[in-house]
Colleague: 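Quick one: the structure is below, and I'll ask about it shortly.
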Amino acid sequence: MSEQREDMTERDDLPGEVPAAADDAAGSVGAEESAAPTGKYGKLLSEEGGVRKLTGMYRNWFLDYASYVILERAVPHVQDGLKPVQRRILHAMKAVDDGRYNKVANIVGQTMQYHPHGDASIKDALVQLGQKDLLIDCQGNWGNILTGDEAAAGRYIEARLSKFALDVVFNKKTTEWMRSYDGRNEEPVTLPVKFPLLLAQGADGIAVGLASKILPHNFIELINAAIAHLQGRDFVLYPDFPTGGMIDVSRYNDGLRGGTVKVRARISKIDKRTLAITEIPYTTTTESIKDSIVKANEKGKIKIRKVDDNTAEKVEIIVQVAPDESSDKTIDALYAFTDCEVSIAPNACVICDDKPHFLGVSEILRRSAEHTRELLKMELEIRLNELNEAWHAASLERIFIVNKLYQLIEGCKTREEAYAAVGQGLEPFTKVLRRAVTTEDIQRLTELKFIRISRYDSDKADNEIRQIEEDIAQTQHHLAHLTDYTIAYYERIRDKYGKGRERRTELREFDSIEATKVAVTNAKLYVDRVEGFFGIGKSMKDSEFVCDCSDIDDVIVFTKDGRYVITKVSDKAFFDKNIYYIGVFKRNDERTISMLLTMDTAAPPLHGHGLAERDGGDAHVLAPVVDDILAAVDVEPFARRAPGRQILDCCIQHEGRLCHAQLLPPLAFFQGVVIQHDGDGLAVDLVLLTELGEVEKHEAAVVSDHFLEVESH
């Protein structure tokens, strides 16, 4: 204790404090030292008085702090899958475990013997462990992961270790121990967990300079994957959440950085105007989903009449769709604009060899399976040693009593003489023993009570020795077939604790939902063509009305000089004066094609996309289609419009087929094209701006797969 007090006294002098002796020395500095930095921070910045520079202090202290947070607080260990606070909680619960429930407040106090932080962090970590429903058997109000309700105070709720935890987490004989932070107690370096606990529970922690986010996986699938690894087979792991829902794992990336998963709520139709949300995405609650639906409705992105949260034991959120809205479109809108769909980015970071490492979930599973096999090997070796010792002790006792070697003690005046006499009497029997007889063996024999000797049953003793020999043979067989023994262990765990732990989250590949396609038209687009303003705000209502749109749409704007811009719609925006065309721009829309053609008579026509040529008096455009087939397009109407000039065209291919050939006279500036499918053909609207600023409209219709005829109106 005196040494500890001295250590504590030494710690009181922090590196940044200046001792009194240093102050006295500073008072007697010479003229040379008077040039040292002065002022408020002069002592910290000077090299005198044994004080380091502030830069060095910051570098060293920050690195120490960052290392502590990474290794001792935020990131789980790869072997047992636990953060230090979780490990200390489980160790404290094991220390007070008697099969009955303990108050959480009592468990928190017990844990503070090992955890050098406040009780609030311990209680929060304990509640999170309890809500995972794996290691802790809970009693009382422990909160609700579905609604986000918090747990009751620690004095009102109780907990004890689950049977699963007692079976797979603890073993004093195979645990490595270290001193606690104050040196008064021992705590485990890591717990001997014989199960991929890290992947089953998941982990989430933010350290200094890095973070860890490991998603939970299915209990049964983890065991099956561990068995597959031990058998040399391939396996794949995907997350499974206690909240259910649906998940797209196409970009999971084995849980490494850069991957992402999309999780959706399960939405079903009760009737044409009523939707029910029965499962929610991981990391959300029914309250957050309800709030997001209300906000989306207030912003006009979806149209609903009412939303009710009736969640109790199971999720039930009822959404009443507006009378003029499609329920299918509303479901898509819920996924696009609310928390009914969330993206989660995993980042599997673990502590291994006292350093943080980024490992995929498959590698973590492999290491867990190998570690489990090593732990089982250690347990078998310890068991074999204990059985050999038990066989040796039982055999010695049988020899000592059956052969009446206790009579050799008679007449011995000292303890040493008695030990020597018994040892000499055992010498003829050493050949049948499996190890040498030690002084401790002889001492144990001489301490046998006379009543035990008088009631000794040799037949019963022989049966016990034979049972021990059978156990030794069985243990040796397990050691010789360690992999099979480990697989049998996993199968026993799966059969014993796997009931009711089937997959809850459905694996599914989602179709991408474009928000602009499911958004409600909640705004009106206006334009001031002369001044160049456009938007959906109140200040634009006196301008020309263009069309209905949503507040998340893109708009495309053309000017008469051929310039254009694609931008998000806003309350009021300016592009340039003399706006010629403006409309809603649908990205990736197969039914709409927007084109811009800059005319340059000196450049080759279409730069290889098409070829304009004349055949006698007729003008045609050869446009490439599928498999280098050429389609002839009649351009005579435009030849009459601009006689003697070269004809240029713009050929658009869609899914390998010719959808449109644009024909313009020379020196035209731009055109906007809107194409809509109409039965087997295409209806095309052409708006042409001539060199004289005149506007001409043309219509065209597809006559066949490879022929487009244009007529002027």
Side-chain angles (χ1 to χ4, degrees), residues 166-168 170-177 186 188 191-192 194 230 370-492:
L166 294 172
D167 202 355
V168 305
F170 302 99
N171 190 333
K172 288 185 177 180
K173 299 174 183 178
T174 58
T175 301
E176 182 182 357
W177 301 91
E186 282 191 337
L191 289 171
K194 303 183 291 294
L230 294 173
E370 295 296 333
H371 184 60
T372 298
R373 180 162 56 182
E374 290 301 315
L375 288 174
L376 292 174
K377 180 181 178 181
M378 291 174 59
E379 292 180 358
L380 289 173
E381 290 174 344
I382 293 171
R383 173 63 174 165
L384 182 60
N385 184 61
E386 291 174 347
L387 289 172
N388 285 328
E389 287 298 317
W391 182 90
H392 183 76
S395 299
L396 272 182
E397 183 176 312
R398 183 179 184 283
I399 293 171
F400 181 75
I401 297 176
V402 172
N403 294 281
K404 299 182 180 181
L405 298 183
Y406 52 84
Q407 295 178 352
L408 299 175
I409 303 175
E410 296 179 4
C412 296
K413 297 181 179 179
T414 62
R415 186 185 301 273
E416 289 74 13
E417 290 181 3
Y419 291 169
V422 174
Q424 187 175 3
L426 290 172
E427 288 181 0
F429 305 98
T430 54
K431 294 181 180 180
V432 298
L433 298 176
R434 299 184 179 181
R435 68 169 178 82
V437 179
T438 64
T439 303
E440 289 76 11
D441 296 331
I442 297 175
Q443 182 180 357
R444 186 171 60 251
L445 291 174
T446 58
E447 292 176 354
L448 289 175
K449 295 182 179 181
F450 182 76
I451 191 170
R452 176 176 175 81
I453 296 174
S454 63
R455 294 181 177 179
Y456 185 78
D457 187 345
S458 59
D459 293 335
K460 182 179 179 181
D462 291 340
N463 292 333
E464 291 178 354
I465 292 174
R466 280 194 295 270
Q467 182 61 48
I468 294 174
E469 290 174 345
E470 292 176 2
D471 293 342
I472 290 174
Q474 185 182 38
T475 304
Q476 291 175 338
H477 179 270
H478 291 331
L479 281 170
H481 303 82
L482 187 59
T483 299
D484 294 336
Y485 178 75
T486 307
I487 293 174
Y489 165 81
Y490 276 126
E491 291 174 344
R492 180 179 66 84

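Keep in mind that what you see is a predicted model, and the values were worked out from it rather than measured.
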Colleague: Contact between Val432 and Ser395 at the side-chain level, heavy atoms closer than 4.5 Å - yes or no?
Modeller: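 A side-chain contact under 4.5 Å is absent here.
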Colleague: Check Ile409, Val402, Asn403, Ile401 against Leu405 for a side chain to side chain contact (heavy atoms under 4.5 Å, CB included) and give me the one that passes.
Modeller: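 Single pass found, and it is Asn403.
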Colleague: Can you confirm whether Glu417 is buried at CD, in the sense that more than 12 heavy atoms of other residues, nucleotides or ligands lie under 6.0 Å from that atom?
Modeller: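 Result for CD/Glu417: enclosed.
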Colleague: Can you see which heavy atom on Phe170 is nearest to which on Leu166, and at what distance?
Modeller: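 Shortest heavy-atom contact: CD1-CA, 4.3 Å.
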Colleague: Establish, from distance only, whether the side-chain atoms of Glu381 and Asn385 form a donor-acceptor pair under 3.5 Å.
Modeller: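 No, no side-chain donor-acceptor contact under 3.5 Å.
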Colleague: Rounded to the nearest 0.5 Å, what separates atom OH in Tyr406 from atom CG in Leu448?
Modeller: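 Spacing of OH (Tyr406) from CG (Leu448) equals 11.0 Å.
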Colleague: Can you name the nearest heavy-atom pair linking Trp177 to Lys172, along with the distance?
Modeller: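 That closest heavy-atom pairing would be NE1-O, 3.7 Å.
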Colleague: Just to verify, which of Thr372, Asp167, Thr486 counts as forming a side chain to side chain contact (heavy atoms under 4.5 Å, CB included) with Lys194?
Modeller: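 Among Thr372, Asp167, Thr486, the one meeting side chain to side chain contact (heavy atoms under 4.5 Å, CB included) with Lys194 is Thr372.
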Colleague: Working to the nearest 0.5 angstrom, can you tell me the gap between Lys460 NZ and Ile465 CD1?
Modeller: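 Between atom NZ of Lys460 and atom CD1 of Ile465 there are 13.0 Å.
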Colleague: Have Thr483 and Arg373 got a donor and an acceptor in their side chains that come within less than 3.5 Å?
Modeller: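 Yes.
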Colleague: Would you mind writing out the side-chain donor-acceptor pairs for residues 433-440 within the sub-3.5 Å range, not counting sequence neighbours?
Modeller:
residue	atom	partner	partner atom	Å
Arg435	NE	Glu389	OE2	3.2
Arg435	NH1	Asp441	OD2	3.1
Arg435	NH2	Glu389	OE1	3.1
Arg435	NH2	Asp441	OD1	3.3
Arg435	NH2	Asp441	OD2	3.4
Thr438	OG1	Glu440	OE1	3.4
Thr438	OG1	Asp441	N	3.3
Thr438	OG1	Asp441	OD2	3.1

Colleague: Run the side-chain contact (heavy atoms from CB on, under 4.5 Å) check on Asp471 and Arg383 step by step: do they pass?
Modeller: CA-CA 9 Å; Asp471 293 342; Arg383 173 63 174 165; 4.0 Å; yes
Colleague: Would a 4.5 Å heavy-atom cut-off, applied to side chains only, mark Glu470 and Gln474 as touching?
Modeller: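 Answer no - side chains too far apart.
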Colleague: Are there over 12 heavy-atom neighbours, none belonging to Arg492, within less than 6.0 Å of that residue's CZ?
Modeller: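 Yes - once you tally the heavy atoms of other residues, nucleotides and ligands closer than 6.0 Å, there are more than 12.
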Colleague: Quick one: do Arg466 and Glu469 make a salt bridge, cutoff under 4.0 Å?
Modeller: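 Result for this pair is no, no salt bridge flagged.
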Colleague: Which pair of heavy atoms, one from Leu380 and one from Thr475, lies closest together, and at what distance?
Modeller: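 Scanning both residues completely, I find the closest heavy atoms to be O-CG2, 3.4 Å.
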Colleague: Is it the case that the side chain of Thr446 and the backbone of Gln443 share a donor-acceptor pair, with hydrogens and angles ignored and the cut-off at 3.5 Å?
Modeller: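 Judged by distance alone, yes, a pair lies under 3.5 Å.
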Colleague: Indicate the atoms forming the closest heavy-atom contact of Leu445 with Phe400, along with that distance.
Modeller: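 In terms of heavy atoms, the two residues are closest at O-CE2, 3.6 Å.
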Colleague: If I take atom CD from residue Glu379 and atom CG from residue Leu479, how far apart are they, to the nearest 0.5 angstrom?
Modeller: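 The CD atom of Glu379 sits 11.0 Å away from the CG atom of Leu479.
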Colleague: Has Glu176 got more than 12 heavy atoms of other residues, nucleotides or ligands less than 6.0 Å from its CD?
Modeller: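 No.
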Colleague: Would you compute the distance between atom NE2 of His477 and atom CG of Asp484 and round it to the nearest 0.5 angstrom?
Modeller: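 Result: 8.0 Å between the selected atoms.
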Colleague: Quick one: closest heavy-atom pair of Pro192 and Thr174, and the distance?
Modeller: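 Smallest interatomic distance, heavy atoms only, reads CB-OG1, 3.5 Å.
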Colleague: Quick one, Arg398 and Tyr456 - any side-chain contact, counting heavy atoms below 4.5 Å?
Modeller: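 Sidechains of Tyr456 and Arg398: in contact.
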Colleague: Closest heavy-atom contact between Gly425 and Leu408?
Modeller: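 What the structure gives for the nearest pair is CA-CD1, 3.8 Å.
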Colleague: State whether the side chain of Asn388 and the backbone N or O of Leu384 hold a donor-acceptor pair below 3.5 Å, judged by distance alone.
Modeller: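 Yes; at least one donor-acceptor contact below 3.5 Å.
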Colleague: With rounding to the nearest 0.5 angstrom, report the NZ to CD distance, Lys173 to Glu386.
Modeller: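 One finds 3.5 Å between NZ of Lys173 and CD of Glu386.
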